[in-house]
Amino acid sequence: MDHTDRIARRLTLEDRASWLALGEEAFGARPPGSSALAPPVSQPPGLHRWGVVEGGRVLAQVVGRACASWWGGQAVGTTGIASVAVAAEHRGEGLLRGVFERVLAEALERGEVVSTLYPTAPGIYRGLGYELVATLDAVDLPTAALAAVRPGVGVSTRRATPDDVPALRELYTGWAREQHGPLTRTGPLYEEAAEEAIADHTGTTLAVDAGGRVLGCVRWDRGEGYDPATARLTARDLLATTPEAYRALWAVLGSFATVAGTVRLWTSGADEARLVLPGVTWQPVDRRPYMLRVLDLVGAVEARQLTLPLGGAGGVTLRVAGDRLGVLDGGYRLAVESGAPATCERVSPPEDAPTLTPQGVALWWAGAQSCATLRRLGHLTGPTDGDELLDALTAGAQLHVRDYF
């Protein structure tokens with residue numbers, strides 16, 4: 001078949017009707033009764049939409065979201081991949097590879113050294129160098145059990161107002177920067193007005209001390225109905241700086257026990273909020289895997305400011321092989337001096353250098369798996385002399401995500 005007019009290019013507003021139709025085909029139509037989407041007058045800042053177009057029809061599309069994520073206290077330039085779709089008749093033709101190459105090349109130009117996404121089919125993205133590093137989880141808790149939580153001593157709760165948005169952002173940043181993975185929620189994609197940040201949910205409840213200082217928050221949506229057997233309250237961003245603040249917020253959610261029998265919390269990893277609960281009921285009901293790919297290993301190592309515990313020093317020369325996008329393959333030298341961040345440079349590696357796959361690079365850099373696990377999975381081969389150093393460099397904070405895109 002002649003595809004001479006098929007081209008991979010940046011999508012413009014003239015393509016909007018076609019990309020919306022492709023999005024509905026891939027992800028389903030909008031719920032009945034939804035208001036029509038207002039046509040934008042310009043492309044939203046921070047979104048970079050590319051597609052394969054043939055005869056005016058978008059056959060495949062990928063959106064890159066310019067953002068940053070926290071990794072051990074460092075904000076690392078990140079491109080989040082969203083809205084990946086291929087027309088049904090053209091799946092399996094390899095259309096995504098060319099679009100990904102362009103989106104990720106553009107991300108590198110902006111200084112975004114890693115890329116993340118939520119896959120519906122992880123196998124597709126493994127072929128592009130991504131690997132699973134975390135999950136965004138929904139867990140259900142019986143509201144009646146939360147009603148039994150002892151309210152926090154010395155802590156009161158109140159409804160947030162737009163004036164509280166700076167304190168909410170500070171609270172989130174204080175938590176997120178101590179983890180691996182959460183978005184920084186900074187940049188053009190997060191420049192919403194204070195009123196919108198509050199109005200997006202039924203309520204945002206704050207836990208405050210006697211002096212009015214914000215110690216915690218939870219955003220919640222009431223949902224429909226008031227039959228405890230069927231009604232559900234949905235909570236997000238349950239964060240606090242003290243156990244008493246966590247208890248106060250849990251108690252507020254528990255106060256809905258007579259009208260909503262279940263609280264659904266969106267969370268990830270080993271959530272510290274669970275540690276103040278008297279019971280153990282924590283039922284996972286939804287899991288959304290999160291994948292990561294390193295785009296620039298030198299830049300990604302330097303961005304994380306990796307150091308060794310107790311001021312140790314060392315180095316390892318390794319090779320990356322198997323990158324279908326042709327970005328990571330080659331040799332690298334990682335070195336760290338006592339008390340200084342690790343450096344990384346491209347080198348000509350010896351024939352017997354330890355070798356990582358692109359997926360192995362993602363798992364190692366994110367601290368998601370040990371070198372021993374990478375070897376069992378075939379993502380790391382060759383001499384083991386550098387394994388202890390590699391493990392020590394990226395160990396530490398927990399992996400968490402809180403934003404779905």
Side-chain angles (χ1 to χ4, degrees), residues 1-31 34-69 77-122 124-125 127-130 183 186-192 290-293 295-296 324-327 403-405:
M1 183 178 294
D2 183 14
H3 296 307
T4 55
D5 65 340
R6 181 179 293 181
I7 184 173
R9 63 168 172 80
R10 186 188 299 277
L11 300 183
T12 70
L13 292 180
E14 293 180 354
D15 302 304
R16 181 174 180 269
S18 185
W19 88 52
L20 287 177
L22 180 58
E24 286 200 357
E25 177 181 317
F27 306 110
R30 303 181 72 220
S34 299
S35 56
L37 295 173
V41 296
S42 63
Q43 292 275 27
L47 291 183
H48 306 275
R49 191 182 301 269
W50 283 74
V52 176
V53 182
E54 182 178 60
R57 179 188 174 205
V58 178
L59 304 184
Q61 68 164 331
V62 174
V63 175
R65 297 165 45 92
C67 53
S69 50
T78 304
T79 187
I81 298 296
S83 301
V84 179
V86 179
E89 299 83 3
H90 299 279
R91 292 169 188 162
E93 295 182 4
L95 298 184
L96 286 180
R97 176 172 172 172
V99 183
F100 263 85
E101 287 176 343
R102 288 162 172 80
V103 170
L104 298 183
E106 191 177 64
L108 275 171
E109 292 176 359
R110 295 192 300 268
E112 294 154 17
V113 294
V114 299
S115 175
T116 60
L117 55 82
Y118 287 95
T120 54
I124 294 174
Y125 303 103
L128 298 170
Y130 290 82
L183 297 185
T186 56
L189 292 174
Y190 293 91
E191 292 176 353
E192 62 182 345
Y290 192 61
M291 302 185 86
L292 179 140
R293 175 197 159 93
L295 305 179
D296 174 4
R324 295 183 185 178
L325 299 184
V327 175
D403 295 282
Y404 188 76
F405 50 83

*Using atom types as modelled and distance alone, determine if a side-chain donor or acceptor of E112 lies under 3.5 Å from a backbone N or O of L295.*
no
*Which atom pair, heavy atoms only, marks the closest approach of Q61 to G23?*
NE2-N, 4.2 Å
*Would you give the length of the straight line joining atom OH of Y190 to atom CG of L183, rounded to the nearest 0.5 angstrom?*
4.5 Å
*asked:* Parallel, tilted or perpendicular: which one describes the rings of F405 and Y118, with boundaries at 30° and 60°?
replied: perpendicular
*Could you give the distance from OG1 (T12) to CZ (R49), rounded to the nearest 0.5 Å?*
11.0 Å
*Pair R6-H90, side chain to side chain contact (heavy atoms under 4.5 Å, CB included): steps then yes or no*: CA-CA 12 Å; R6 181 179 293 181; H90 299 279; 3.6 Å; yes
*What are the two closest heavy atoms between W50 and A8, and how far apart are they?*
CZ3-O, 4.4 Å
*Counting only N and O atoms by type, is there a donor-acceptor contact under 3.5 Å from the side chain of S115 to the main-chain atoms of R293?*
no
*Between V84 and Y125, does a side chain to side chain contact (heavy atoms under 4.5 Å, CB included) hold up when you go through it step by step?*
CA-CA 11 Å; V84 179; Y125 303 103; 3.3 Å; yes
_Reported CZ-to-CG distance for the pair R57 and D5, which is rounded to 0.5 angstrom_ = 12.5 Å
*Does a sphere of radius 6.0 Å around CZ in R91 hold more than 12 heavy atoms from other residues, nucleotides or ligands, not counting ones at 6.0 Å or beyond?*
yes
_Atom CD of E89: over 12 foreign heavy atoms under 6.0 Å_ = yes
*With a 4.0 Å cut-off, would you call R65 and D403 a salt bridge?*
no
_I'd like to know if the side chain of T79 and the backbone of G64 have a donor-acceptor N/O pair within less than 3.5 Å._
no
*asked:* Tell me every residue that passes salt bridge (charged side-chain N to carboxylate O under 4.0 Å, His left out) with R97, counting only those two or more places apart in sequence or in another chain.
replied: E101
*Supply the atom-to-atom distance Q43 CD to L13 CG, rounded to the nearest 0.5 angstrom.*
5.0 Å
*Please report the shortest heavy-atom distance between A66 and R110, naming the atom on each side.*
CB-NE, 3.8 Å
*Might you point out which heavy atoms bring P45 and L189 nearest each other, and give the distance in Å?*
O-CD2, 3.5 Å
*Exam field: side chain R9 to backbone V53, donor-acceptor pair closer than 3.5 Å*: no
_Interatomic distance, L104 atom CG to H48 atom NE2 [nearest 0.5 angstrom]_ = 12.0 Å
*When rounded to the nearest 0.5 angstrom, what is the spacing between OH in Y404 and OH in Y290?*
11.5 Å
*Can you name the nearest heavy-atom pair linking S83 to V63, along with the distance?*
CB-CG2, 3.8 Å
*Could you tell me which non-hydrogen atom of P188 sits nearest to which non-hydrogen atom of G46, and how far apart they are?*
CG-CA, 3.9 Å
